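Down below is the structure, laid out as C-alpha cells.
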Amino acid sequence: RWLPFTVAINRIAKEFKRPWLSVPELQEIAEATESISKVNGEEEFRKMLRFHHDLGQLLHFSCNSHLSDQVIIDVHWLLKVVSLLFCPEPEDLQHKRLREQYEMLSDEGVLLESLAEHRWSQHDEMTANYTSTAEQRKFILDVCEHFALL
C-alpha cells in the first residue's frame with residue numbers, strides 16, 4: 001500500500017532540486033499526494049520511512065539525532081558523491097599536496113576541506129540535477145561521520 005511512494009520519491013528529488021528533504025517536508029508531501037493518501041498519522045508515516053529505508057529507496061537515520069530530521073531521497077547520488085572523497089583520481093596522486101591529503105584521509109580519517117572541494121569541483125555528480133550548496137556539502141560530511149568514515 002506504500003509502494004506508490006516509490007514513484008513519488010524520484011519526482012520529488014527533481015522538483016525540489018536537492019537529494020534530501022526534511023522529515024516534515026516529506027510528510028507534508030506524503031499527505032498531499034493522492035496516490036499515498038493511505039498514510040494516516042505520524043506512526044504510520046515512520047513505518048513507511050522504515051519500509052522504504054529497508055528497501056534502499058531512501059535513507060533515514062532515525063537512530064542518529066543529528067541526521068534524523070532528514071531523509072535522503074536520492075541514494076545513488078549520495079553514494080556517488082561520497083565515493084568521490086575516498087577514490088582518488090590517478091592524476092591527483094601525481095600532485096604532492098593532494099597525495100599527502102589522501103594519505104591523511106586514509107591513515108588518520110582526516111578530510112581536509114580543500115581536498116573535498118577539489119574532488120567535488122572536478123565532477124558534476126555533486127551538482128547533477130541539483131543545486132549544490134554549502135548546506136548540501138555539510139550534510140554529506142555529516143553522513144560520512146555517521147558511518148565513521150571521517
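Bear in mind that the values here come from a model prediction, so they are computed numbers and not experimental data.
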Do the side chain of H52 and the main chain of L58 share a donor and acceptor less than 3.5 angstrom apart? no

At their closest point, which heavy atom of L85 faces which heavy atom of L111, and how far apart are they? CD1-CD2, 3.9 Å

Report yes if the side chains of H146 and C63 come closer than 4.5 Å at any heavy-atom pair, otherwise no. yes

Do you reckon L93 sits in the same ILVMFWY cluster as F86, going by side-chain contacts under 4.5 Å, direct or chained? yes

Would you say R119's side chain and S83's backbone share a donor-acceptor pair under 3.5 angstrom? no

For S68, is there any backbone N or O sitting under 3.5 Å from a side-chain donor or acceptor partner on H60? yes

salt_bridge(D54, R50) N-O dist < 4.0 Å: no

More than 12 heavy atoms of other residues, nucleotides or ligands under 6.0 Å from CD of E43: is that the case? no

Closest contact, heavy atoms only, W120 versus I140: CZ2-CG2, 3.7 Å

Exceeds 12 heavy-atom contacts within 6.0 angstrom, atom CD of E113: no

Non-hydrogen side-chain atoms of R46 and V23 separated by less than 4.5 Å: yes

Scanning both residues in full, the closest heavy-atom pair of L98 with L115 reads CD2-CD1, 3.9 Å

